[in-house]
2 protein chains.
Amino acid sequence: MNQSHESRTPPIVSVDVVLLTLVEQVLHAVLLRRAQAPFAGVWALPGGYIHTNEDADAQASAARVLREKVGIAGAYLEQLATFSGPARDPRGWSVAIAYCALLPVQQLPAEHADISVIPVTALPQLPFDHRAIVDAALERVRNKSLYSSLPVHLCGERFTLPQLQQVYESILGEPLNKVSFRRKMDEMELLQAVPGAMHSGGAHRPAQLYRVKPAFRQTLALAPRGL
Amino acid sequence: MNQSHESRTPPIVSVDVVLLTLVEQVLHAVLLRRAQAPFAGVWALPGGYIHTNEDADAQASAARVLREKVGIAGAYLEQLATFSGPARDPRGWSVAIAYCALLPVQQLPAEHADISVIPVTALPQLPFDHRAIVDAALERVRNKSLYSSLPVHLCGERFTLPQLQQVYESILGEPLNKVSFRRKMDEMELLQAVPGAMHSGGAHRPAQLYRVKPAFRQTLALAPRGL
DNA sequence: AAAATAGTGTCTCTGAGACATTATTAA
DNA sequence: TTAATAATGTCTCAGAGACACTATTTT
């Protein structure tokens with residue numbers, strides 16, 4: 001241990017979560033009003049310190065933040081990237097381990113004074129480098145939706161293939177070929193039909209309801225040659 | 001600030017680098033003999049603390065580690081993932097921001113008592129969770145080689161197309177179709193021929209030498225539909 | 001000339017998208 | 001019966017790989 005290390009201040013470490021959901025076919029992010037300085041009262045990403053006395057790893061910290069500060073459990077969660085530097089936080093040199101979370105909108109708590117669900121295209125100015133973190137999350141989600149089952153985590157437990165295709169199209173921002181989409185879903189062996197369960201949504205043929213196979217509840221399925 | 005936060009020990013933060021190179025068509029990782037406890041004298045990934053008084057971000061810390069501890073500069077460097085938990089380091093709850101680095105073998109310093117270049121299939125037992133970090137790096141490199149120009153960072157400044165194809169094949173562990181490979185390289189618009197420069201390697205037609213276009217010296221080129 | 005590898009032309013087959021047709025419901 | 005959407009069959013076209021042929025060097 002040399003002197004320069006002894007005298008160096010360690011960085012501040014925290015986790016931040018970009019919690020995304022789909023409301024009326026538009027991607028929304030969940031923001032919390034900050035309770036404490038810096039930026040008290042400002043809308044920001046849910047985040048917090050690692051509790052070294054209770055968290056099994058940083059992902060557990062992120063799950064705890066979602067549970068304690070947003071009031072949700074069971075969201076799909078994956079590590080996004082780690083943001084760092086002397087300027088991103090006024091308290092000093094800091095490290096933020098960023099996570100991306102997906103949840104069907106039905107499982108979100110009601111909005112109230114300190115929680116807000118906002119279209120990602122209409123986010124207010126965010127403190128720290130939270131805007132960059134959100135952008136990284138959006139890029140990741142859109143990219144992974146091109147070749148994986150990621151978007152199923154924005155659907156409820158049961159959904160129809162037309163609904164799922166709509167979710168993919170909303171994320172990707174472009175229409176998809178119905179036949180190809182179904183072929184790919186088939187190849188991924190991701191879904192199982194719920195026997196006898198149909199979704200009657202109007203004056204037309206009802207659609208088969210599907211659920212994600214248990215094996216893929218936590219893992220993603222990949223399409224070998226993309227979407 | 002509540003009491004439980006005040007009393008919680010913050011995690012230890014460091015950066016670790018998986019520095020990969022290609023020796024005789026086999027991927028090798030660079031290991032350093034640890035100078036200090038814990039695991040003093042044991043071969044491990046290059047790593048170190050963030051110097052908050054001089055590093056612009058964690059990636060700069062990783063570049064500094066490569067410069068100061070391995071003696072190299074200019075390697076391709078990208079963030080891999082962040083590893084964390086109470087058990088990975090005997091000193092306590094820790095966070096390691098892991099980076100993946102690629103360098104042509106010619107630019108590595110000579111091996112000596114405290115630096116070693118070892119085939120990734122023949123690594124010794126590594127301390128901390130360094131084995132998992134290496135595995136993550138290998139998965140990342142192999143995956144990105146399927147659809148990007150990542151492997152060019154393992155070639156020197158000038159190289160032939162057959163040499164580059166060989167590098168891809170070594171990383172991916174499978175032969176590639178020559179015509180398709182060249183079509184893809186062409187589509188990526190990644191390379192420029194060095195006028196008049198040929199590589200005469202034996203009793204056969206010499207090969208055109210290429211270099212990476214300046215625009216892609218730091219950025220990756222992507223093949224829209226993969227390799 | 002022969003051997004060896006570089007580089008290119010072209011055919012074939014796979015697979016993704018376009019289009020069309022059938023199925024099933026409510027009004 | 002009509003309108004609306006679900007679900008599927010099938011044709012077409014693009015792109016990746018296989019193969020073959022030409023080009024250029026050393027021995």
Side-chain angles (χ1 to χ4, degrees), chain A residues 25 145-149 151-152 155-156 158-170 172-211 221-227, chain B residues 25 145-149 151-152 155-156 158-170 172-211 221-227:
Chain A
Q25 282 134 43
S145 298
L146 286 169
Y147 62 88
S148 83
S149 61
V152 300
C155 293
R158 294 167 171 214
F159 48 86
T160 68
L161 281 176
Q163 284 168 351
L164 183 58
Q165 182 172 349
Q166 182 86 58
V167 169
Y168 272 85
E169 289 174 339
S170 301
L172 297 173
E174 61 183 6
L176 297 175
N177 182 283
K178 182 169 63 166
V179 178
S180 298
F181 180 78
R182 283 158 181 260
R183 265 196 299 244
K184 290 298 180 179
M185 288 298 129
D186 204 43
E187 285 168 18
M188 285 201 274
E189 300 182 71
L190 168 75
L191 305 175
Q192 56 186 194
V194 182
M198 306 296 276
H199 181 260
S200 305
H204 56 265
R205 176 174 175 177
Q208 175 67 54
L209 281 167
Y210 291 85
R211 62 172 158 243
L222 303 178
R225 283 170 296 278
L227 211 212
Chain B
Q25 282 135 44
S145 297
L146 287 169
Y147 63 87
S148 82
S149 62
V152 299
C155 294
R158 293 168 171 213
F159 48 85
T160 68
L161 281 176
Q163 284 168 351
L164 183 59
Q165 183 172 348
Q166 182 88 55
V167 170
Y168 271 86
E169 289 174 341
S170 301
L172 297 173
E174 62 183 6
L176 297 176
N177 182 282
K178 182 169 64 166
V179 178
S180 298
F181 179 77
R182 283 160 181 259
R183 265 197 297 245
K184 289 299 180 178
M185 287 300 131
D186 204 45
E187 284 168 17
M188 283 200 276
E189 301 182 79
L190 167 74
L191 305 175
Q192 56 186 196
V194 182
M198 306 297 274
H199 180 262
S200 304
H204 54 263
R205 176 173 175 178
Q208 174 66 53
L209 281 166
Y210 291 84
R211 63 171 159 246
L222 303 177
R225 282 168 299 279
L227 213 214

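The sequence lines fix the lettering, A, B, ..., with proteins before strands; numbering per chain opens at 1. This is a predicted model, so every value here is computed, not measured.
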Inset, instruction - Considering non-hydrogen atoms only, spot the tightest contact between A/L190 and A/A221 and give its length. - result: CD1-CB, 3.9 Å

Inset, instruction - Report the residue (A/P206 or A/K184) whose heavy-atom-nearest nucleotide on DNA chain C is the more 5′ of the two. - result: A/K184

Inset, instruction - For B/R182 and C/dT5, give me the distance from atom CZ to atom P, rounded to whole Å. - result: 14 Å

Legend entry - Whole angstrom value for the distance that separates P of C/dG7 from CD of B/Q163: 10 Å

Legend entry - Nearest heavy atoms of B/S145 and B/L227, plus distance in Å: O-CG, 4.2 Å

Inset, instruction - For A/R183 and for A/R205, find the nucleotide of DNA chain C with the closest heavy atom, then tell me which residue's nucleotide is more 5'. - result: A/R183

Inset, instruction - State, yes or no, whether a side-chain contact exists between B/V152 and B/Y210 at a heavy-atom distance under 4.5 Å. - result: no

Legend entry - Candidates C/dA6, C/dG9, C/dA18 - which lies nearest the side chain of A/V179: C/dA18

Legend entry - A/E169 vs A/E174 side-chain heavy atoms within contact, under 4.5 Å: no

Legend entry - Criterion side-chain contact (heavy atoms from CB on, under 4.5 Å) against B/P162, the qualifying member of B/Q208, B/R182, B/H199: B/R182

Legend entry - Earlier contact from the 5' end, DNA chain D, for B/L227 and B/A203: B/L227

Inset, instruction - Starting from P on C/dA6, measure out to CG on B/L191 and report it in whole angstrom. - result: 16 Å

Inset, instruction - Figure out the CG/P separation between A/L176 and C/dG17, and round it to whole Å. - result: 8 Å

Inset, instruction - Take atom CE of B/M198 and atom C1' of C/dT5, then tell me their distance rounded to the nearest Å. - result: 12 Å

Inset, instruction - Name the first nucleotide and the last nucleotide along DNA chain D (5' to 3') that come under 4.0 Å of a heavy atom in chain B. - result: D/dG15 to D/dT26

Legend entry - Sub-4.5 Å side-chain heavy-atom contact between A/K184 and A/Y168: no

Legend entry - Residue pair A/Q165 / A/L176: nearest heavy atoms and the distance that separates them: NE2-O, 2.9 Å

Inset, instruction - Quick one: label B/S180 by what it contacts on the DNA or RNA (base, sugar-phosphate, nothing), any heavy atom closer than 4.0 Å. - result: base

Inset, instruction - Rounded to the nearest angstrom, tell me the gap between atom NE2 in B/H199 and atom P in C/dG7. - result: 11 Å

Legend entry - Distance-only donor-acceptor test (3.5 Å): side chain A/N177, base C/dA18: yes

Inset, instruction - Send over the distance from A/E187 CD to C/dG15 P, rounded to a whole Å. - result: 8 Å

